[in-house]
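Before any comments, here is the structure.
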Amino acid sequence: MKHLFIINPFAGKGGGVAYAKEIEKHFMKSKELGNKESYYIEFTKGPGDATEIARKYVESDRCRVYAIGGDGTLNEVLNGVMGSSSSLGVIPAGSGNDFFRNIGDTVDSSLLYRTINGTEEYIDVGRVNGRYFLNVASVGIDAEIVANARKFKKYPMFFGMSSYIAGIFYTVFRYRSFNSIININGMEHNKETLLLTVANGKYYGGGMKIAPRASINDGSFDAYHIDRANPLKIVLFFPQLIRGRHEGFKEVEHFMSEEIRIRSEERFLLNVDGEIFDTCEAAFNIIPNGLKMIVPLKTQIDIMYNM
Ligand SMILES: Nc1ncnc2c1ncn2[C@@H]1O[C@H](COP(=O)(O)OP(=O)(O)OP(=O)(O)O)[C@@H](O)[C@H]1O
């Protein structure tokens with residue numbers, strides 16, 4: 001079995017780099033114990049690189065591919081792995097690490113070893129406008145917030161969710177809803193859209209529980225549409241959204257669907273696992289059991305390697 005580790009040295013505060021030594025240590029010990037598995041460590045050099053690296057390896061062989069970085073890195077690796085028989089694991093080393101929250105594990109000193117030895121389970125994958133995603137895709141105010149949060153993230157005082165909260169305040173008073181036509185479960189609806197989130201995973205924005213009912217293996221999206229609301233209401237609304245308690249608001253509608261389409265005469269921003277695109281139409285579909293995910297073992301195995 002080939003193990004490919006793709007490390008984004010710029011994700012989070014660069015914490016992913018330290019894993020390279022740990023990986024080498026692990027495979028040295030493993031070799032001493034008689035295992036003959038090969039491993040490769042690749043550092044990304046810029047945006048898009050993780051997709052190219054993953055694709056290059058999985059085209060020639062079945063691999064276990066590990067994304068070491070944040071949600072952006074994971075998304076890029078996913079887009080390189082899809083269509084192959086390789087599996088994908090995640091070692092969180094970003095600032096938000098929202099996808100990892102769905103796995104319900106903790107980042108501890110044994111995570112790397114538990115993941116290398118982890119089991120493989122099928123999970124669903126989302127696709128929008130030809131791009132795959134694991135977590136959440138959204139349009140409207142939200143994508144605008146992600147774009148603005150990214151600007152704040154560059155400053156050291158903004159970390160994790162704080163850059164997102166700064167993005168919210170910056171965006172809320174400037175943003176205007178747009179007229180849209182949304183097709184869900186074959187029915188067309190005319191809407192005034194403040195936000196449409198289409199979720200496979202539960203979290204985004206550094207721990208905001210945007211889709212409390214979502215599950216990565218139920219074969220369906222959990223979608224939330226939020227109608228036009230005034231800025232003050234939006235500000236009041238976000239603390240509830242962070243905790244996943246937004247379902248009670250009259251502006252919020254929840255849908256389960258395998259296919260969703262939104263179009264508008266106005267252009268809007270589309271957020272795909274943190275990546276932002278400008279468009280006037282977005283077509284989402286779920287691919288049930290579309291990916292073999294590497295799930296870390298629950299037991300501590302570092303003792304076995306005497307580390
Ligand atoms: N060598 C590099 N230099 C600069 N940027 C890079 C490099 N390699 C990858 N990137 C880009 O870094 C971006 C951010 O990575 P990522 O999302 O993994 O980290 P993060 O933003 O810290 O974490 P999170 O998304 O979980 O908040 C990605 O869009 C990726 O394309």
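Ligands are counted one by one from 1 in listed order, and the atoms in each one are counted from 1 as well.
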Per-atom contacts of ligand 1 with G94, taking only distances under 4.0 Å to non-hydrogen atoms: 22 (O), 23 (O)
task: Please verify whether a non-hydrogen atom of G274 lies at under 4.0 Å from ligand 1.
output: no
- prompt: Charged N to carboxylate O below 4.0 Å: is that the case for E253 and K191?
  reply: yes
message: Students should be able to answer this: which protein heavy-atom is nearest to atom 20 (P) of ligand 1, and at what distance?
response: S95 OG, 3.7 Å
- line: atom 29 (O) of ligand 1 sits nearest the protein heavy atom E76 OE2, 3.9 Å
- line: Taken to the nearest 0.5 Å, the spacing of S110 OG from L297 CG works out to 9.0 Å
query: Got L4 and I41 here, is their nearest side-chain heavy-atom distance under 4.5 Å?
result: no
- prompt: Nearest protein heavy atom to atom 18 (O) of ligand 1, by residue and atom, and its distance?
  reply: T73 OG1, 2.4 Å
query: Among D222, V125, I216, D273, which residue meets the side chain to side chain contact (heavy atoms under 4.5 Å, CB included) test with N200?
result: I216
task: Check each atom of ligand 1 against the heavy atoms of A11 and keep those under 4.0 Å away; list them by number with element.
output: 18 (O), 19 (O), 22 (O)
- request: Considering only non-hydrogen protein atoms, determine which one is nearest to atom 17 (O) of ligand 1 and report residue, atom name and distance to 0.1 Å.
  value: G72 N, 2.9 Å
- request: May I ask you to check if ligand 1 and D71 share an N or O to N or O distance below 3.5 Å?
  value: yes
query: Taking 4.0 angstrom as the limit, do R64 and E120 come out as a salt bridge?
result: yes
- line: The protein heavy atom nearest to atom 21 (O) of ligand 1 is K153 NZ, 2.9 Å
- prompt: Would R174 and E144 pass as an ion pair if we require N to O under 4.0 Å?
  reply: no
- request: Could you check atom 3 (N) of ligand 1 against the protein and tell me its nearest heavy-atom contact, residue, atom and distance included?
  value: F10 CD1, 3.3 Å
Identity and separation of the nearest protein heavy atom to atom 1 (N) of ligand 1: T44 O, 2.9 Å
- request: Indicate yes or no: at least one non-hydrogen side-chain atom of H225 is less than 4.5 angstrom from one of D227.
  value: yes
message: Once you restrict to heavy atoms under 4.0 Å, what part of N8 touches ligand 1? Side chain, backbone, both or neither.
response: side chain
- request: Consider every N or O of G69 and every N or O of ligand 1, then say whether any pair is closer than 3.5 Å.
  value: no
field: salt bridge (charged side-chain N to carboxylate O under 4.0 Å, His left out) between D98 and K202, worked out
entry: CA-CA 8 Å; D98 285 306; K202 283 187 173 63; over 6 Å; no
- prompt: Below 4.5 Å, heavy atoms only, C-beta onward: do Y39 and E24 meet side chain to side chain?
  reply: yes
- line: atom 27 (O) of ligand 1 has as its nearest protein heavy atom G96 N, 2.9 Å
